[in-house]
Amino acid sequence: MRSETIQYSRIQTTALIIIAFAVVLFLLVQAQFLLVSLATAIVLFSLTSDAINSIARIRVGPFRIPNWLASIAALLLISAALLTLTSIILSQVNTVLSTALAYTERAPFAIAALFSWLGEDIEASILNTVRTADISGYLRQLAGQAGNLLQATVLVILFVGFLFAERIWFDTKMTNFFRDEQQAQQVGRIIASIIHRVNYYLLVKTAVSIVTGVMVFGVCKLFSLELAVAMGILTFVLNYIPNIGSILATIVVSLIAFVQLEDPSLTLAIFIAVTTIQFLNGNVIDPMLMGHALRLSSFGIIINLAFWAAVWGIPGMFLSVPIMVAIMIICSHIPELRGVAVLLSREGLPDTESDLPDFPRGMEEPGATDTMPHSPAQGESRSAAAGE
(Lines give C-alpha, C1' and ligand atoms only; values in the text may rest on other atoms or scores of the structure.)
Protein backbone atom coordinates (compact mmCIF):
# COMPACT_ATOMS: atom_id res chain seq x y z
CA MET A 1 0.00 0.00 0.00
CA ARG A 2 2.80 2.38 0.90
CA SER A 3 4.64 1.67 -2.38
CA GLU A 4 1.46 2.37 -4.34
CA THR A 5 1.07 5.68 -2.51
CA ILE A 6 4.66 6.66 -3.28
CA GLN A 7 4.23 5.70 -6.92
CA TYR A 8 0.99 7.67 -7.15
CA SER A 9 2.72 10.68 -5.56
CA ARG A 10 5.53 10.51 -8.13
CA ILE A 11 3.06 10.30 -11.01
CA GLN A 12 1.16 13.26 -9.60
CA THR A 13 4.35 15.30 -9.21
CA THR A 14 5.44 14.48 -12.77
CA ALA A 15 2.03 15.45 -14.12
CA LEU A 16 2.12 18.76 -12.24
CA ILE A 17 5.61 19.50 -13.61
CA ILE A 18 4.43 18.80 -17.17
CA ILE A 19 1.35 20.99 -16.71
CA ALA A 20 3.44 23.81 -15.20
CA PHE A 21 5.93 23.61 -18.08
CA ALA A 22 3.09 23.74 -20.62
CA VAL A 23 1.55 26.78 -18.90
CA VAL A 24 4.91 28.58 -18.76
CA LEU A 25 5.57 27.76 -22.41
CA PHE A 26 2.12 29.07 -23.36
CA LEU A 27 2.74 32.33 -21.49
CA LEU A 28 6.18 32.72 -23.08
CA VAL A 29 4.66 32.43 -26.55
CA GLN A 30 1.62 34.63 -25.88
CA ALA A 31 3.64 37.40 -24.18
CA GLN A 32 6.48 37.22 -26.70
CA PHE A 33 6.63 40.92 -27.59
CA LEU A 34 6.59 42.06 -23.97
CA LEU A 35 9.02 39.44 -22.66
CA VAL A 36 11.52 39.88 -25.50
CA SER A 37 11.55 43.63 -24.89
CA LEU A 38 12.02 43.05 -21.15
CA ALA A 39 14.86 40.56 -21.69
CA THR A 40 16.59 42.99 -24.06
CA ALA A 41 16.21 45.80 -21.53
CA ILE A 42 17.73 43.65 -18.77
CA VAL A 43 20.73 42.86 -20.99
CA LEU A 44 21.25 46.55 -21.82
CA PHE A 45 20.82 47.46 -18.15
CA SER A 46 23.44 44.90 -17.11
CA LEU A 47 25.86 46.29 -19.69
CA THR A 48 25.69 49.80 -18.22
CA SER A 49 25.11 49.09 -14.51
CA ASP A 50 28.76 48.57 -13.62
CA ALA A 51 29.79 51.55 -15.74
CA ILE A 52 27.32 53.79 -13.90
CA ASN A 53 28.64 52.63 -10.51
CA SER A 54 32.18 53.43 -11.63
CA ILE A 55 31.20 56.88 -12.94
CA ALA A 56 29.28 57.66 -9.76
CA ARG A 57 32.43 56.99 -7.69
CA ILE A 58 34.52 59.50 -9.65
CA ARG A 59 35.35 62.64 -7.72
CA VAL A 60 36.33 65.95 -9.30
CA GLY A 61 37.87 67.82 -6.41
CA PRO A 62 35.25 68.00 -3.64
CA PHE A 63 32.42 67.10 -6.03
CA ARG A 64 31.17 63.65 -6.99
CA ILE A 65 29.01 62.81 -10.00
CA PRO A 66 25.56 62.00 -8.59
CA ASN A 67 24.24 58.50 -9.25
CA TRP A 68 20.99 59.86 -10.69
CA LEU A 69 22.91 62.07 -13.14
CA ALA A 70 25.02 59.13 -14.32
CA SER A 71 21.84 57.04 -14.74
CA ILE A 72 20.09 59.75 -16.76
CA ALA A 73 23.16 60.19 -18.98
CA ALA A 74 23.36 56.43 -19.55
CA LEU A 75 19.64 56.25 -20.37
CA LEU A 76 19.96 59.09 -22.88
CA LEU A 77 22.95 57.42 -24.54
CA ILE A 78 21.14 54.06 -24.71
CA SER A 79 18.04 55.73 -26.15
CA ALA A 80 20.04 57.58 -28.79
CA ALA A 81 21.99 54.45 -29.72
CA LEU A 82 18.87 52.27 -29.96
CA LEU A 83 16.90 54.79 -32.00
CA THR A 84 19.86 55.37 -34.34
CA LEU A 85 20.41 51.62 -34.80
CA THR A 86 16.69 51.09 -35.40
CA SER A 87 16.55 53.83 -38.04
CA ILE A 88 19.62 52.37 -39.80
CA ILE A 89 18.14 48.87 -39.82
CA LEU A 90 14.75 50.09 -41.08
CA SER A 91 16.36 52.15 -43.84
CA GLN A 92 18.47 49.18 -44.91
CA VAL A 93 15.40 46.92 -44.83
CA ASN A 94 13.66 49.31 -47.21
CA THR A 95 16.72 49.38 -49.46
CA VAL A 96 17.00 45.61 -49.51
CA LEU A 97 13.27 45.25 -50.11
CA SER A 98 13.20 47.61 -53.08
CA THR A 99 16.31 46.05 -54.62
CA ALA A 100 15.18 42.49 -53.92
CA LEU A 101 11.80 43.12 -55.54
CA ALA A 102 13.63 44.27 -58.65
CA TYR A 103 15.56 40.98 -58.64
CA THR A 104 12.49 38.83 -57.97
CA GLU A 105 12.05 37.92 -61.61
CA ARG A 106 15.68 36.90 -62.05
CA ALA A 107 16.11 35.16 -58.70
CA PRO A 108 14.40 31.84 -59.62
CA PHE A 109 16.55 31.44 -62.75
CA ALA A 110 19.72 32.32 -60.84
CA ILE A 111 18.94 29.86 -58.04
CA ALA A 112 18.10 27.09 -60.52
CA ALA A 113 21.33 27.77 -62.41
CA LEU A 114 23.28 26.86 -59.28
CA PHE A 115 22.15 23.26 -59.78
CA SER A 116 22.73 23.08 -63.52
CA TRP A 117 25.61 20.66 -62.99
CA LEU A 118 23.08 18.08 -61.78
CA GLY A 119 21.35 17.99 -65.16
CA GLU A 120 18.63 19.82 -67.05
CA ASP A 121 15.80 17.89 -65.41
CA ILE A 122 16.97 18.80 -61.90
CA GLU A 123 17.48 22.42 -62.91
CA ALA A 124 13.99 22.62 -64.43
CA SER A 125 12.45 21.01 -61.34
CA ILE A 126 14.16 23.46 -59.01
CA LEU A 127 13.12 26.37 -61.24
CA ASN A 128 9.47 25.33 -61.07
CA THR A 129 9.67 24.88 -57.32
CA VAL A 130 11.24 28.28 -56.70
CA ARG A 131 8.82 30.06 -59.06
CA THR A 132 5.84 28.73 -57.11
CA ALA A 133 7.17 30.44 -53.96
CA ASP A 134 5.79 33.92 -53.38
CA ILE A 135 9.15 35.56 -52.76
CA SER A 136 7.81 39.11 -52.96
CA GLY A 137 5.08 38.22 -50.45
CA TYR A 138 7.65 36.83 -48.02
CA LEU A 139 9.75 39.96 -48.39
CA ARG A 140 6.79 42.26 -47.70
CA GLN A 141 5.84 40.15 -44.68
CA LEU A 142 9.40 40.40 -43.35
CA ALA A 143 9.35 44.17 -43.87
CA GLY A 144 6.08 44.34 -41.92
CA GLN A 145 7.66 42.49 -39.01
CA ALA A 146 10.64 44.84 -39.13
CA GLY A 147 8.18 47.70 -38.70
CA ASN A 148 7.47 46.45 -35.17
CA LEU A 149 11.11 47.12 -34.33
CA LEU A 150 10.41 50.78 -33.57
CA GLN A 151 7.64 49.88 -31.10
CA ALA A 152 9.94 47.34 -29.43
CA THR A 153 12.72 49.96 -29.20
CA VAL A 154 10.45 52.43 -27.39
CA LEU A 155 9.31 49.70 -24.99
CA VAL A 156 12.91 48.65 -24.29
CA ILE A 157 13.85 52.27 -23.51
CA LEU A 158 10.95 52.49 -21.04
CA PHE A 159 11.97 49.24 -19.35
CA VAL A 160 15.59 50.37 -19.06
CA GLY A 161 14.47 53.65 -17.51
CA PHE A 162 12.43 51.85 -14.84
CA LEU A 163 15.32 49.46 -14.14
CA PHE A 164 17.64 52.43 -13.59
CA ALA A 165 15.09 53.92 -11.18
CA GLU A 166 14.92 50.65 -9.21
CA ARG A 167 18.65 49.93 -9.09
CA ILE A 168 19.27 52.19 -6.07
CA TRP A 169 17.05 50.08 -3.81
CA PHE A 170 17.94 46.68 -5.20
CA ASP A 171 20.26 45.57 -2.37
CA THR A 172 17.81 46.69 0.31
CA LYS A 173 14.96 44.81 -1.39
CA MET A 174 17.06 41.66 -1.68
CA THR A 175 17.99 41.74 2.01
CA ASN A 176 14.42 42.34 3.14
CA PHE A 177 13.10 39.70 0.75
CA PHE A 178 15.36 36.91 2.01
CA ARG A 179 15.56 38.28 5.57
CA ASP A 180 19.07 36.88 5.66
CA GLU A 181 22.07 39.09 4.96
CA GLN A 182 24.30 36.17 3.99
CA GLN A 183 21.77 34.66 1.61
CA ALA A 184 21.12 38.06 0.04
CA GLN A 185 24.86 38.50 -0.53
CA GLN A 186 25.02 35.03 -2.12
CA VAL A 187 22.23 35.94 -4.54
CA GLY A 188 23.97 39.24 -5.25
CA ARG A 189 27.19 37.41 -6.09
CA ILE A 190 25.32 35.08 -8.45
CA ILE A 191 23.68 38.04 -10.20
CA ALA A 192 27.04 39.81 -10.43
CA SER A 193 28.58 36.68 -11.97
CA ILE A 194 25.80 36.48 -14.58
CA ILE A 195 26.16 40.18 -15.43
CA HIS A 196 29.95 39.90 -15.74
CA ARG A 197 29.78 36.79 -17.93
CA VAL A 198 27.05 38.15 -20.22
CA ASN A 199 28.74 41.56 -20.50
CA TYR A 200 32.05 40.01 -21.50
CA TYR A 201 30.35 37.78 -24.07
CA LEU A 202 28.44 40.71 -25.61
CA LEU A 203 31.48 43.00 -25.72
CA VAL A 204 33.65 40.38 -27.42
CA LYS A 205 30.83 39.39 -29.77
CA THR A 206 30.17 43.02 -30.69
CA ALA A 207 33.84 43.70 -31.44
CA VAL A 208 34.21 40.56 -33.58
CA SER A 209 30.88 41.23 -35.36
CA ILE A 210 31.89 44.80 -36.21
CA VAL A 211 35.20 43.62 -37.69
CA THR A 212 33.45 40.85 -39.63
CA GLY A 213 30.77 43.21 -40.95
CA VAL A 214 33.33 45.76 -42.10
CA MET A 215 35.38 43.07 -43.85
CA VAL A 216 32.32 41.64 -45.62
CA PHE A 217 31.34 45.17 -46.65
CA GLY A 218 34.83 45.61 -48.12
CA VAL A 219 34.50 42.37 -50.12
CA CYS A 220 31.07 43.36 -51.45
CA LYS A 221 32.33 46.83 -52.32
CA LEU A 222 35.35 45.33 -54.10
CA PHE A 223 33.01 43.34 -56.36
CA SER A 224 30.67 46.35 -56.82
CA LEU A 225 27.61 44.78 -55.20
CA GLU A 226 24.69 47.19 -54.87
CA LEU A 227 23.82 46.04 -51.36
CA ALA A 228 27.32 46.25 -49.89
CA VAL A 229 26.24 48.35 -46.88
CA ALA A 230 23.20 46.18 -46.24
CA MET A 231 25.28 43.00 -46.43
CA GLY A 232 27.79 44.41 -43.94
CA ILE A 233 25.01 45.34 -41.49
CA LEU A 234 23.28 41.98 -42.03
CA THR A 235 26.54 40.14 -41.29
CA PHE A 236 27.06 42.21 -38.15
CA VAL A 237 23.54 41.43 -36.87
CA LEU A 238 23.47 37.73 -37.80
CA ASN A 239 26.82 37.09 -36.11
CA TYR A 240 25.05 37.44 -32.76
CA ILE A 241 23.17 34.22 -33.53
CA PRO A 242 25.50 31.44 -32.31
CA ASN A 243 26.82 28.86 -34.77
CA ILE A 244 24.28 29.30 -37.58
CA GLY A 245 24.31 33.11 -37.86
CA SER A 246 27.59 33.25 -39.78
CA ILE A 247 26.42 30.43 -42.07
CA LEU A 248 23.19 32.27 -42.88
CA ALA A 249 25.08 35.51 -43.53
CA THR A 250 27.49 33.76 -45.93
CA ILE A 251 24.64 32.11 -47.85
CA VAL A 252 22.69 35.37 -48.16
CA VAL A 253 25.74 37.34 -49.37
CA SER A 254 26.63 34.66 -51.91
CA LEU A 255 23.05 34.40 -53.18
CA ILE A 256 22.74 38.18 -53.55
CA ALA A 257 26.06 38.23 -55.40
CA PHE A 258 24.99 35.48 -57.80
CA VAL A 259 21.61 37.09 -58.51
CA GLN A 260 23.22 40.45 -59.24
CA LEU A 261 26.42 39.39 -61.04
CA GLU A 262 25.12 36.20 -62.72
CA ASP A 263 28.72 34.99 -62.85
CA PRO A 264 29.50 31.67 -61.10
CA SER A 265 33.23 32.36 -60.91
CA LEU A 266 32.81 35.76 -59.24
CA THR A 267 30.18 34.34 -56.91
CA LEU A 268 32.55 31.53 -55.95
CA ALA A 269 35.29 34.09 -55.24
CA ILE A 270 32.95 36.09 -53.01
CA PHE A 271 31.80 32.91 -51.27
CA ILE A 272 35.39 31.84 -50.55
CA ALA A 273 36.36 35.32 -49.32
CA VAL A 274 33.34 35.65 -47.00
CA THR A 275 33.72 32.07 -45.74
CA THR A 276 37.39 32.72 -44.93
CA ILE A 277 36.49 35.90 -43.04
CA GLN A 278 33.78 34.13 -41.06
CA PHE A 279 36.02 31.16 -40.28
CA LEU A 280 38.96 33.24 -39.06
CA ASN A 281 36.88 35.62 -36.98
CA GLY A 282 34.40 33.05 -35.68
CA ASN A 283 36.66 30.06 -35.08
CA VAL A 284 40.05 31.63 -34.33
CA ILE A 285 39.74 35.21 -33.05
CA ASP A 286 36.40 34.85 -31.25
CA PRO A 287 37.39 31.76 -29.17
CA MET A 288 40.81 33.28 -28.45
CA LEU A 289 39.22 36.45 -27.02
CA MET A 290 36.37 34.62 -25.31
CA GLY A 291 38.65 32.11 -23.58
CA HIS A 292 36.83 30.30 -20.78
CA ALA A 293 34.33 33.11 -20.19
CA LEU A 294 31.31 31.09 -21.31
CA ARG A 295 32.27 27.43 -20.88
CA LEU A 296 29.01 26.40 -22.56
CA SER A 297 28.39 23.08 -24.27
CA SER A 298 28.23 23.42 -28.07
CA PHE A 299 25.43 20.87 -28.24
CA GLY A 300 23.64 22.69 -25.43
CA ILE A 301 23.91 25.95 -27.38
CA ILE A 302 22.27 24.33 -30.42
CA ILE A 303 19.43 22.86 -28.33
CA ASN A 304 18.96 26.15 -26.50
CA LEU A 305 19.01 28.04 -29.80
CA ALA A 306 16.37 25.75 -31.32
CA PHE A 307 14.14 26.05 -28.25
CA TRP A 308 14.16 29.84 -28.04
CA ALA A 309 13.83 30.13 -31.82
CA ALA A 310 10.65 28.02 -31.59
CA VAL A 311 9.34 30.10 -28.67
CA TRP A 312 10.35 33.66 -29.60
CA GLY A 313 11.46 33.37 -33.22
CA ILE A 314 14.42 35.43 -34.43
CA PRO A 315 14.67 37.56 -31.23
CA GLY A 316 14.94 34.33 -29.25
CA MET A 317 18.00 33.33 -31.28
CA PHE A 318 19.80 36.52 -30.26
CA LEU A 319 18.87 36.12 -26.59
CA SER A 320 19.54 32.37 -26.39
CA VAL A 321 23.16 32.57 -25.20
CA PRO A 322 22.61 35.19 -22.43
CA ILE A 323 19.62 33.17 -21.19
CA MET A 324 21.67 29.96 -21.26
CA VAL A 325 24.51 31.62 -19.32
CA ALA A 326 22.07 32.78 -16.64
CA ILE A 327 20.43 29.33 -16.39
CA MET A 328 23.78 27.55 -16.10
CA ILE A 329 25.12 29.86 -13.37
CA ILE A 330 21.90 29.74 -11.36
CA CYS A 331 21.61 25.94 -11.61
CA SER A 332 25.27 25.48 -10.64
CA HIS A 333 24.57 27.04 -7.22
CA ILE A 334 21.36 25.11 -6.50
CA PRO A 335 22.27 21.58 -5.35
CA GLU A 336 19.05 20.05 -6.72
CA LEU A 337 19.65 21.57 -10.19
CA ARG A 338 23.43 21.24 -10.43
CA GLY A 339 23.01 18.30 -12.82
CA VAL A 340 21.43 20.70 -15.34
CA ALA A 341 24.46 22.98 -15.05
CA VAL A 342 26.76 19.99 -15.63
CA LEU A 343 24.93 19.19 -18.87
CA LEU A 344 25.03 22.83 -20.04
CA SER A 345 28.74 23.35 -19.27
CA ARG A 346 31.40 22.53 -21.82
CA GLU A 347 33.67 20.28 -19.73
CA GLY A 348 30.98 19.17 -17.29
CA LEU A 349 32.53 21.50 -14.70
CA PRO A 350 30.05 24.29 -13.90
CA ASP A 351 30.75 27.22 -11.60
CA THR A 352 31.59 26.67 -7.97
CA GLU A 353 31.54 28.99 -4.99
CA SER A 354 35.08 30.13 -5.73
CA ASP A 355 34.06 31.36 -9.21
CA LEU A 356 31.67 33.95 -7.78
CA PRO A 357 32.91 37.53 -7.28
CA ASP A 358 34.24 38.09 -3.77
CA PHE A 359 32.81 41.56 -3.43
CA PRO A 360 29.82 42.00 -5.73
CA ARG A 361 29.01 45.53 -6.64
CA GLY A 362 25.56 46.32 -5.49
CA MET A 363 23.11 48.50 -7.33
CA GLU A 364 22.74 51.04 -4.57
CA GLU A 365 23.97 54.58 -4.83
CA PRO A 366 27.52 54.95 -3.52
CA GLY A 367 27.40 56.19 0.01
CA ALA A 368 23.74 55.23 0.36
CA THR A 369 24.54 52.24 2.54
CA ASP A 370 25.16 54.57 5.45
CA THR A 371 21.66 56.03 5.27
CA MET A 372 19.51 53.02 4.33
CA PRO A 373 18.89 50.06 6.64
CA HIS A 374 19.33 46.75 4.81
CA SER A 375 16.86 44.92 6.99
CA PRO A 376 14.24 45.72 9.66
CA ALA A 377 16.52 44.40 12.40
CA GLN A 378 19.33 46.67 11.29
CA GLY A 379 16.94 49.60 11.17
CA GLU A 380 15.76 48.96 14.72
CA SER A 381 19.31 48.62 16.04
CA ARG A 382 20.31 51.88 14.41
CA SER A 383 17.26 53.61 15.85
CA ALA A 384 18.13 52.29 19.29
CA ALA A 385 21.69 53.47 18.93
CA ALA A 386 20.47 56.89 17.89
CA GLY A 387 18.17 57.01 20.94
CA GLU A 388 21.03 56.27 23.29
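Nothing here was measured: the structure is a model prediction, and the numbers come from that model.
- Of the possible polar contacts, none joining the Asp286 side chain to the Asn281 backbone as a donor-acceptor pair under 3.5 Å is found.
- Here OG of Ser209 is found 4.5 Å from CG of Asn239. Values are rounded to the nearest 0.5 Å.
- Of all heavy-atom pairs spanning Val253 and Met231, the tightest one is CG2-SD, 3.8 Å.
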### Task
Apply the test side chain to side chain contact (heavy atoms under 4.5 Å, CB included) to residues Leu305 and Met317: give CA-CA distance (whole Å), side-chain angles for both, the deciding distance (0.1 Å), then the verdict.
CA-CA 6 Å; Leu305 177 66; Met317 295 182 180; 3.6 Å; yes
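- Using a 4.5 Å heavy-atom threshold, the side chains of Ser46 and Asn199 count as touching.
- With rounding to the nearest 0.5 Å, the separation of CD1 in Ile302 from CG in Asn243 is 4.0 Å.
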### Query
Run the side chain to side chain contact (heavy atoms under 4.5 Å, CB included) check on Thr48 and Phe164 step by step: do they pass?
CA-CA 10 Å; Thr48 55; Phe164 280 146; 3.3 Å; yes
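- Proximity of Gln186 to His333: side-chain heavy atoms (C-beta onward) are separated by under 4.5 Å at one or more points.
- Annotation: side chain of Arg346 is not in contact with side chain of Leu296 (no heavy-atom distance under 4.5 Å).
- Ring geometry, Phe236 versus Tyr240: the interplanar angle exceeds 60°, so the pair is classed perpendicular (tilted spans 30 to 60°).
- In plain terms, the two heavy atoms of Leu319 and Ala39 that are nearest each other are CD1-CB, 3.8 Å.
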### Task
Verify side chain to side chain contact (heavy atoms under 4.5 Å, CB included) between Gln185 and Met174, making sure each step is shown before the conclusion.
CA-CA 8 Å; Gln185 289 180 358; Met174 292 295 293; over 6 Å; no
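- Distance check: Ile194 CD1 to His196 NE2 gives 12.5 Å after rounding to the nearest 0.5 Å.
- A 4.5 Å side-chain heavy-atom check between Leu34 and Phe159 finds at least one atom pair inside the cut-off.
- No hydrogens or angles considered: nothing links the side chains of Thr212 and Thr235 as a donor-acceptor pair under 3.5 Å.
- When atom types are taken as modelled, the side chain of Asn176 and the backbone of Thr172 share a donor-acceptor pair closer than 3.5 angstrom.
- Tracing side-chain contacts under 4.5 Å through hydrophobic residues (I, L, V, M, F, W, Y), one reaches Leu35 starting from Phe33; they form part of the same cluster.
- Remark: side-chain polar atoms of Gln183 are not paired, donor with acceptor, to backbone N or O of Thr175 under 3.5 angstrom.
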### Query
Would Thr250 and Thr275 count as a side chain to side chain donor-acceptor pair (under 3.5 Å) if you check the C-alpha gap in whole Å, the side-chain angles of each, and the deciding distance to 0.1 Å?
CA-CA 6 Å; Thr250 302; Thr275 301; 4.8 Å; no
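- Between Leu227 and Ile256, the shortest heavy-atom distance links the atoms CD1-CG2, 4.1 Å.
- In this structure, Ser254 and Thr267 approach most closely via the heavy-atom pair O-CG2, 3.5 Å.
- Met328 places a side-chain heavy atom less than 4.5 Å from the side chain of Ser345.
- Atom CG in Leu266 sits 9.5 Å away from atom CG in Leu225 (nearest 0.5 Å).
- When the side chains of ILVMFWY residues are joined at heavy-atom separations under 4.5 Å, either directly or via intervening members, Leu261 and Phe271 end up in two distinct hydrophobic clusters.
- Counting heavy atoms of neighbouring residues, nucleotides and ligands inside a 6.0 Å radius, atom CZ of Phe162 does not exceed 12 of them.
- Here the OG-CD1 distance, from Ser332 to Ile327, works out to 12.0 Å after rounding to the nearest 0.5 Å.
- Among all heavy-atom pairs drawn from Ile190 and Ile329, the shortest one is CG2-CG2, 4.0 Å.
- The line from CD of Gln278 to CG of Leu238 is 9.0 Å long, rounded to the nearest 0.5 Å.
- The cluster map of Ile, Leu, Val, Met, Phe, Trp and Tyr, joined by side-chain heavy atoms under 4.5 Å apart, puts Ile210 and Ile88 in the same cluster.
- Under the 3.5 Å distance criterion, the side-chain polar atoms of Trp312 are left unmatched by any main-chain donor or acceptor of Phe307.
- Tracing side-chain contacts under 4.5 Å through hydrophobic residues (I, L, V, M, F, W, Y), one never reaches Leu203 starting from Val211; they form parts of separate clusters.
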### Message
Is there a side chain to side chain contact (heavy atoms under 4.5 Å, CB included) between Ile78 and Leu47? Walk through the geometry before answering.
### Response
CA-CA 10 Å; Ile78 290 175; Leu47 280 171; over 6 Å; no
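- The shortest distance between side-chain heavy atoms of Leu337 and Ile330 does not fall below 4.5 Å.
- Both Ile323 and Val321 belong to a single network of hydrophobic side chains, linked directly or stepwise wherever heavy atoms of I, L, V, M, F, W or Y lie under 4.5 Å apart.
- Nearest approach of Ile270 to Val219, heavy atoms of both residues: CG2-CG1, 4.4 Å.
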